[in-house]
Amino acid sequence: MIKNIVNFLFETINTLIEKLIFFDLLFFTDKMRLPFVLALLCFCAVYFTFKMGFVNIRFFKHAIDLVLGKYDASEKSGEISHFKALTTALSATVGLGNIAGVAVAISVGGPGATLWMIVMGILGMSTKFTECTLAVMYREKRKDGSLMGGPMEYLKKGLADMGLPRLGFFLSMTFCFMCMGGSFGGGAAFQVNQSLTAMSISIPFLAQHHWVYGLAMVLLVGTVIIGGIKRIALVASRIVPFMCATYILMVLYILVVFYEKIPSAFLTILQGAFTPESAYGGFLGVLVVGIQRAAFSNEAGLGSAAIAHSVARVNHPVEEGAVALLEPFIDTVVVCTMTALVIVITGAYNNPEYMDLVSQQKGAALTSSSMGDVVIWFPYLLSLAVFLFAFSTIISWSYYGERCFSFIFGENKSLIYKLLLLFVIFISSIATSKNVMNFGDLMILGMAFPNLIGVLILSGKVKKGLKEYQEKRQRIK
């Protein structure tokens with residue numbers, strides 16, 4: 001009874017959101033559609049890459065040096081280091097989308113979908129650089145000493161500087177409401193629901209007692225998010241390297257065992273990349289995973305990561321923009337590609353035994369099953385990685401949503417948001433996977449509309465800042 005009510009609630013909200021803010025730019029067939037929001041994200045990724053002079057390539061080594069602390073100085077202003085800002089943002093983006101979304105995208109669109117993910121991941125690095133630079137440019141210090149930054153600040157103040165205060169206010173408020181919804185949907189509900197499907201394979205008890213997992217996640221998340229960004233950043237900086245290493249080592253083992261199949265897997269990906277089915281699969285993968293795997297690569301263009309990066313200690317805003325561009329590379333080009341190779345090499349995407357998992361959009365379970373075909377105990381290790389992925393993503397997205405909630409209602413009301421988030425975490429454990437996925441996808445994609453409109457208008461300021469930063473580096477050398 002309760003499960004039916006929860007599913008009805010998700011279905012109703014999904015239908016309402018889809019009718020209000022989503023429409024197709026192009027409609028070829030029932031299965032081949034190009035939603036406007038995806039076209040906008042793709043256009044911006046290409047536009048920013050050219051406008052910033054291929055900063056995604058030129059600043060790659062410099063970004064690594066910044067993360068390693070090569071340019072750290074005590075006089076920098078901010079709350080957390082480059083590394084903690086990066087790991088906080090990565091903990092929100094490197095998650096179940098890399099495990100679940102890639103599997104579903106390939107099973108639906110074919111192996112060729114992988115190439116679209118890689119291409120858009122590389123281009124999305126420029127988008128991430130642009131929005132995160134703006135986040136530091138327009139961050140604000142609150143009365144309690146904390147920093148507030150992200151799209152809500154640069155949309156409001158930046159557009160006011162451009163003589164567009166009304167547009168800026170409207171876009172900032174719209175972004176905040178969509179970001180709160182995104183934190184509930186893709187940032188929490190999707191993570192809990194998908195991780196539960198994978199955990200149930202290793203722990204059968206959870207398959208019949210979903211509420212136990214939901215309650216456990218509520219308690220764990222609650223103990224962290226009450227502490228604010230510093231505690232979140234501390235937990236993320238410890239979990240992210242470990243969970244990434246665990247997952248990557250598992251994938252590397254499979255790739256080493258089947259090393260002779262890697263060339264043919266890449267050939268399969270290339271051959272399928274330009275068929276209509278594969279192109280659609282790449283875009284569908286983006287919709288399914290909720291954190292924009294293909295066309296916009298780990299939330300590039302959504303403005304979410306800009307909230308985490310806005311509190312980093314920097315000497316110049318462009319520094320943090322450079323650090324941020326590493327996210328799409330790590331998330332999409334590295335982690336997603338490795339997952340895709342495992343799915344293609346093992347043949348899990350077209351294995352008749354796993355069609356039920358595909359039809360029910362249980363991507364995490366599909367990846368787990370494919371790994372179990374290679375090493376029987378890998379699903380147990382993957383369950384641990386999946387849990388950590390989900391947990392770290394939730395706590396980081398909780399910060400994004402809480403910042404937006406505080407921007408609208410005030411800092412003293414943030415506890416209300418946290419309690420709402422914990423409630424969503426619990427009910428998502430008993431909802432149907434497909435409903436939760438659709439809800440998360442729609443809310444997260446909705447963030448792109450207000451954010452990208454503002455970033456496009458303000459991109460000239462980033463270009464000017466980039467030029468100043470490059471001249472400063474030349475003088476130092």
Side-chain angles (χ1 to χ4, degrees), residues 37 40-53 55-56 59 63 82 85-86 88-90 92-93 120-140 147-159 161-162 168 171-172 174-176 178-179 182 291-292 295-312 314 316-329 331-332 396-397 399-400 403-404 407 444-466 469:
V37 64
L40 179 62
L41 283 157
C42 292
F43 166 77
C44 288
V46 175
Y47 176 76
F48 293 137
T49 296
F50 280 94
K51 184 161 187 173
M52 304 303 162
V55 69
N56 53 340
F59 269 46
H82 287 307
L86 178 64
T88 298
L90 275 174
T93 53
M120 295 314 301
I122 294 172
L123 294 174
M125 294 165 70
S126 301
T127 303
K128 189 65 72 78
F129 166 82
T130 306
E131 61 188 355
C132 290
T133 299
L134 284 171
V136 179
M137 280 184 177
Y138 289 99
R139 67 185 181 184
E140 179 182 278
L147 292 172
M148 171 73 81
M152 55 279 200
E153 291 289 347
Y154 62 68
L155 291 174
K156 182 180 179 180
K157 295 194 293 187
L159 293 179
D161 290 346
M162 302 285 289
L171 293 179
S172 65
T174 302
F175 173 83
C176 284
M178 296 308 299
C179 184
I291 44 182
Q292 299 67 53
F296 23 90
S297 182
N298 79 47
E299 301 169 30
L302 304 187
S304 51
I307 301 174
H309 285 283
S310 69
V311 299
V314 297
H316 193 285
V318 170
E319 278 187 1
E320 200 56 32
V323 171
L325 66 79
L326 292 174
E327 290 170 31
F329 182 83
D331 178 272
T332 308
S396 293
W397 266 96
Y399 177 69
Y400 300 160
R403 288 291 81 194
C404 289
F407 182 82
I444 285 182
L445 285 175
M447 296 163 59
F449 283 107
N451 182 56
L452 287 178
I453 291 172
V455 174
L456 281 169
I457 297 172
L458 295 168
S459 59
K461 291 183 177 292
V462 178
K463 177 71 174 178
K464 182 180 178 181
L466 177 58
Y469 183 71

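Among residues two or more places apart in sequence or in another chain, the side-chain hydrogen bond (donor to acceptor under 3.5 Å, both in side chains) test is passed with T174 by none. For the side-chain hydrogen bond (donor to acceptor under 3.5 Å, both in side chains) test, residues two or more places apart in sequence or in another chain that qualify with K51 are Y47, S459. Taking S172 as the reference, nothing meets the side-chain hydrogen bond (donor to acceptor under 3.5 Å, both in side chains) condition, with sequence neighbours excluded. With sequence neighbours excluded, the residues that form a ring-ring contact (aromatic ring centres under 6.0 Å, His included) with F59 are H62.
When each of M152, K461, K156 is tested with Y138 by the rule side-chain contact (heavy atoms from CB on, under 4.5 Å), just one qualifies, namely K461. Of the candidates F50, F43, F48, F50 is the only one forming a side-chain contact (heavy atoms from CB on, under 4.5 Å) with V46.
L41 CG to L123 CG: the interatomic distance, rounded to the nearest 0.5 Å, is 12.0 Å. Summarising the geometry, atom CD belonging to E153 is positioned 11.5 Å from atom CZ belonging to F175; distances are rounded to the nearest 0.5 Å. Expressed to the nearest 0.5 Å, how far CG of L326 lies from CZ of F129 amounts to 12.0 Å. With rounding to the nearest 0.5 Å, the separation of NE2 in H316 from CG in L466 is 9.0 Å. Distance check, rounded to the nearest 0.5 Å: CE of M125 to OG1 of T49 gives 9.0 Å. Rounding to the nearest 0.5 Å gives a distance of 12.0 Å between NZ of K157 and CG of L458.
Heavy-atom minimum distance, K128 versus A305: NZ-CB, 3.9 Å. Here the closest heavy-atom approach between residue A45 and residue S126 is recorded as O-CB, 4.4 Å. Among all heavy-atom pairs drawn from C404 and I307, the shortest one is SG-CD1, 4.2 Å. Considering every non-hydrogen atom in both S310 and G150, the closest pair reads CB-N, 4.0 Å. Listed here is the closest heavy atom pair of S304 and W397: CB-CH2, 3.7 Å. In this structure, F407 and C176 approach most closely via the heavy-atom pair CD2-SG, 3.6 Å.
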Below 3.5 Å, can you tabulate the donor-acceptor pairs from side chains in residues 446-453 to any protein atom, sequence neighbours excluded?
{"from": "N451", "atom 1": "OD1", "to": "Y154", "atom 2": "OH", "distance (Å)": "2.5"}
{"from": "N451", "atom 1": "ND2", "to": "E131", "atom 2": "OE1", "distance (Å)": "3.0"}
{"from": "N451", "atom 1": "ND2", "to": "G301", "atom 2": "O", "distance (Å)": "2.7"}

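Counting heavy atoms from C-beta outward, H309 and E327 have side chains that approach closer than 4.5 Å. Between L134 and P317 there is no side-chain heavy-atom pair separated by less than 4.5 Å. Side-chain contact between P328 and T127: absent, with no pair of heavy atoms (C-beta onward) separated by less than 4.5 Å. Contact of the V462 side chain with the M52 side chain is registered, since non-hydrogen atoms from C-beta on lie closer than 4.5 Å. Residues L40 and C44 meet the side-chain proximity criterion, which asks for heavy atoms closer than 4.5 Å.
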